[in-house]
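Everything quoted here is computed from the prediction, not taken from an experiment. Counting convention: from 1, in listed order, for ligands and their atoms alike.
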Amino acid sequence: MSVLSQHMVDKHGRHMRKLRISLLDACNLRCLYCMPERPVFMPQKDWASAKDLVHITRNLVALGIEEVRLTGGEPLMRRDFMEIVDELSTLPVQKFGLTTNALLLAPYLPLLQHTKLQQLNISLDSLDAENFMRITRRDAFETVMDAIFTAKTRGFAIKINAVIMKGVNDHELPAFVEWSATHDIPVRFLEVMNIGVMKSQFQERFLSAFDIKTMLEADYQFSRLNDKTDSTSRNFLVSNGAQIGFITSESNPFCTGCSRLRLTPKGQIRPCLFMQEGIDLKSLASEDYPEVLATIIAMKPIGRIPHQPQPMYQIGG
Ligand code: SAM
Ligand code: SF4
């Protein structure tokens, strides 16, 4: 570890090497587990500008951030998305990724191909057009599927994120395992989190990764793959050739290995998805970053905080 990156190590030995940047809270889908039907989004004037985001990220990378991921809301809805990507591509990061619902992705792919942004995590909670519409409240299945296959053909590293809910899409679990093997695309099953709109239906909808894996083990064998120590996903090679991961945010949160800091759409750095406290970095001078980061990193909890009043899409999932 370089001398500079020591700024990023907390007293528990966790190295803050990943930055998740939420570009906005708005979205073009209305996933049942994420948003109400009529959400109220923040005014655009409150978003940190592309210039501010790049300045902030440059400073954080200089102090030890190694991986950057853009998220939201739906990051592709920002008009200055490519400006942000092009500028961030000049930074010396090991990985640059995007979490997206892929609705607007296809036209961006030829542009993204020439940037450092090569890791695409695409949310897809159903392989059935009708169920997709029920979950996302929008008729966009074909567009999303086309974008996934075009991105694959163009050589991007793709992972699918599927939030699994009891009685909503758990009947599709074997179909996802077959789809992963057929298309050679890793699928990660996410436990639905007790946050935002999910709070009222969590007990009814929650299905643990353990239960999901047990259901699938009736038909498939799972061999554990070697994951990085700060990986949020436990990954397996399945007997049919699929690559399946489990993200156990509720049943086994990964706080003790967490290496993430978060930047909100307003340019505030936060130590944890479950904390509302943060510090505005927009007008912070570069020389003040080490002290502010030390404060933020010291605030990072070592275990799961039970309540987060803000919904996920406002902080950046
Ligand atoms: N709009 C983009 C997307 O859907 O990929 C990026 C933002 S979204 C908030 C990021 C991730 O958070 C998605 O994979 C989504 O499925 C997940 N997510 C949102 N609400 C969730 C919840 N209550 N439980 C588990 N995952 C959730
Ligand atoms: Fe939008 Fe992503 Fe939330 Fe779905 S999960 S409503 S795509 S922000």
Side-chain angles (χ1 to χ4, degrees), residues 18 20-42 68-78 81 97-105 108 117 119-126 131-141 143-144 147-148 151 158-166 168-170 176 186-209 212 232-233 245-254 260 262-265 273-274 304 307-317:
K18 299 183 182 175
R20 192 161 280 212
I21 305 175
S22 177
L23 295 183
L24 74 174
D25 59 348
C27 189
N28 41 13
L29 297 183
R30 295 286 181 274
C31 302
L32 289 175
Y33 52 78
C34 181
M35 291 204 183
E37 253 181 293
R38 288 181 200 80
V40 179
F41 298 122
M42 68 176 74
V68 170
R69 174 167 293 279
L70 303 178
T71 183
E74 177 45 43
L76 292 169
M77 286 176 74
R78 259 186 85 143
F81 177 76
L98 170 71
T99 301
T100 175
N101 62 30
L103 199 53
L104 302 174
L105 181 63
Y108 279 103
L117 195 161
Q119 319 275 328
L120 302 176
N121 286 4
I122 300 178
S123 298
L124 177 72
D125 303 316
S126 177
N131 207 24
F132 179 97
M133 182 140 83
R134 174 185 173 207
I135 297 169
T136 63
R137 302 185 178 112
R138 296 289 184 272
D139 184 4
F141 179 73
T143 312
V144 169
I148 291 172
I158 303 171
K159 286 178 189 158
I160 299 298
N161 283 346
V163 175
I164 303 301
M165 286 174 292
K166 206 183 276 180
V168 175
N169 58 355
D170 54 340
F176 271 112
V187 173
R188 292 152 4 139
F189 295 134
L190 277 65
E191 287 180 350
V192 71
M193 290 168 77
N194 193 1
I195 187 169
V197 286
M198 266 321 286
K199 282 185 183 159
S200 57
Q201 2 157 16
F202 181 72
Q203 297 305 334
E204 186 192 348
R205 296 295 179 210
F206 178 71
L207 195 57
S208 72
I212 294 172
T232 51
S233 169
F246 296 93
I247 302 192
T248 57
S249 310
E250 288 291 337
S251 66
N252 190 4
F254 29 82
R260 260 185 216 164
R262 294 175 174 275
L263 196 63
T264 69
L273 175 67
F274 282 83
R304 173 69 182 271
H307 301 295
Q308 164 54 285
Q310 253 190 311
M312 183 109 117
Y313 66 88
Q314 284 178 4
I315 316 159

Part of Thr71 within contact of ligand 1 (heavy atoms, under 4.0 Å): side chain
statement: Out of Ser123, Gly196, Gly73, the nearest non-hydrogen contact to atom 1 (N) of ligand 1 is supplied by Gly73
statement: So CZ of Phe246 and CG of Asn252: to nearest 0.5 Å the spacing works out to 13.0 Å
Met198 contact mode with ligand 1 (heavy-atom cut-off under 4.0 Å): side chain
Main-chain N/O of Lys166 paired to Arg205 side chain as donor or acceptor, under 3.5 Å: yes
- prompt: In terms of atom number and element, which parts of ligand 1 are under 4.0 angstrom from non-hydrogen atoms of Asn101?
  reply: 2 (C), 3 (C), 5 (O)
- request: Drop me the distance from Ile164's CD1 to Tyr33's OH, to the nearest 0.5 angstrom.
  value: 9.5 Å
- prompt: By number and element, which atoms of ligand 1 are closer than 4.0 Å to a non-hydrogen atom of Val192?
  reply: 24 (N), 25 (C)
Options Val163, Leu70, Asn121, ranked by nearest heavy atom to atom 26 (N) of ligand 1, top entry: Val163
- prompt: Below 3.5 angstrom, do we get any N/O pair linking Thr99 and ligand 1?
  reply: no
query: Taking all non-hydrogen atoms of both residues, which atom of Ala147 and which atom of Ala102 are closest, and how far apart?
result: CB-O, 3.6 Å
task: Indicate yes or no for a side-chain donor-acceptor contact from Arg30 to the backbone of Arg137 under 3.5 Å, with no hydrogens or angles considered.
output: no
- request: Report yes or no: do Glu74 and Asn28 form a side-chain donor-acceptor pair below 3.5 Å?
  value: no
field: Distance filter under 4.0 Å to Gly72 heavy atoms, resulting ligand 1 atoms
entry: 7 (C), 9 (C)
message: Is there a polar contact between ligand 1 and Ile195, counting only N or O atoms under 3.5 Å apart?
response: no
- request: Write down the atom of Val144, the atom of Asn101, and the distance for their closest heavy-atom approach.
  value: CG2-O, 3.4 Å
- prompt: Roughly how far, to the nearest 0.5 Å, is OG1 of Thr264 from CZ of Arg20?
  reply: 14.5 Å
- prompt: Roughly how far apart are Ile160 CD1 and Ile148 CD1, rounded to 0.5 Å?
  reply: 4.0 Å
Ligand 1 contact on Thr100 by region, counting heavy-atom pairs under 4.0 Å: backbone
field: Atoms of ligand 1, numbered as shown, that sit under 4.0 Å from any heavy atom of Glu74
entry: 1 (N), 2 (C)
- prompt: Can you tell me if Asp125 uses its side chain to pair, donor with acceptor, with the backbone of Val163 under 3.5 Å?
  reply: yes
- request: Give the C-alpha distance, both sets of side-chain angles, the deciding distance and a yes or no for side chain to side chain donor-acceptor pair (under 3.5 Å) between Glu191 and Ser208.
  value: CA-CA 6 Å; Glu191 287 180 350; Ser208 72; 4.9 Å; no
field: Atom indices of ligand 1 within 4.0 angstrom of Asn161 heavy atoms, with elements
entry: 14 (O)
statement: For Glu191, the ligand 1 atoms with a heavy-atom partner under 4.0 Å come out as 25 (C)
message: For the 3.5 Å polar cut-off, considering only N or O atoms, please tell me whether Tyr33 and ligand 1 meet it.
response: yes
message: I'd like to check the side-chain hydrogen bond (donor to acceptor under 3.5 Å, both in side chains) partners of Ser123; sequence neighbours left out, ordered by chain and number.
response: none
- prompt: Counting N and O atoms only, with roles assigned by atom type, does the side chain of Asn194 sit under 3.5 Å from a partner on the main chain of Phe202, one being a donor and the other an acceptor?
  reply: no
query: What protein N/O/S atoms sit under 2.8 Å from atom 4 (Fe) of ligand 2, by chain and number?
result: Cys31 SG
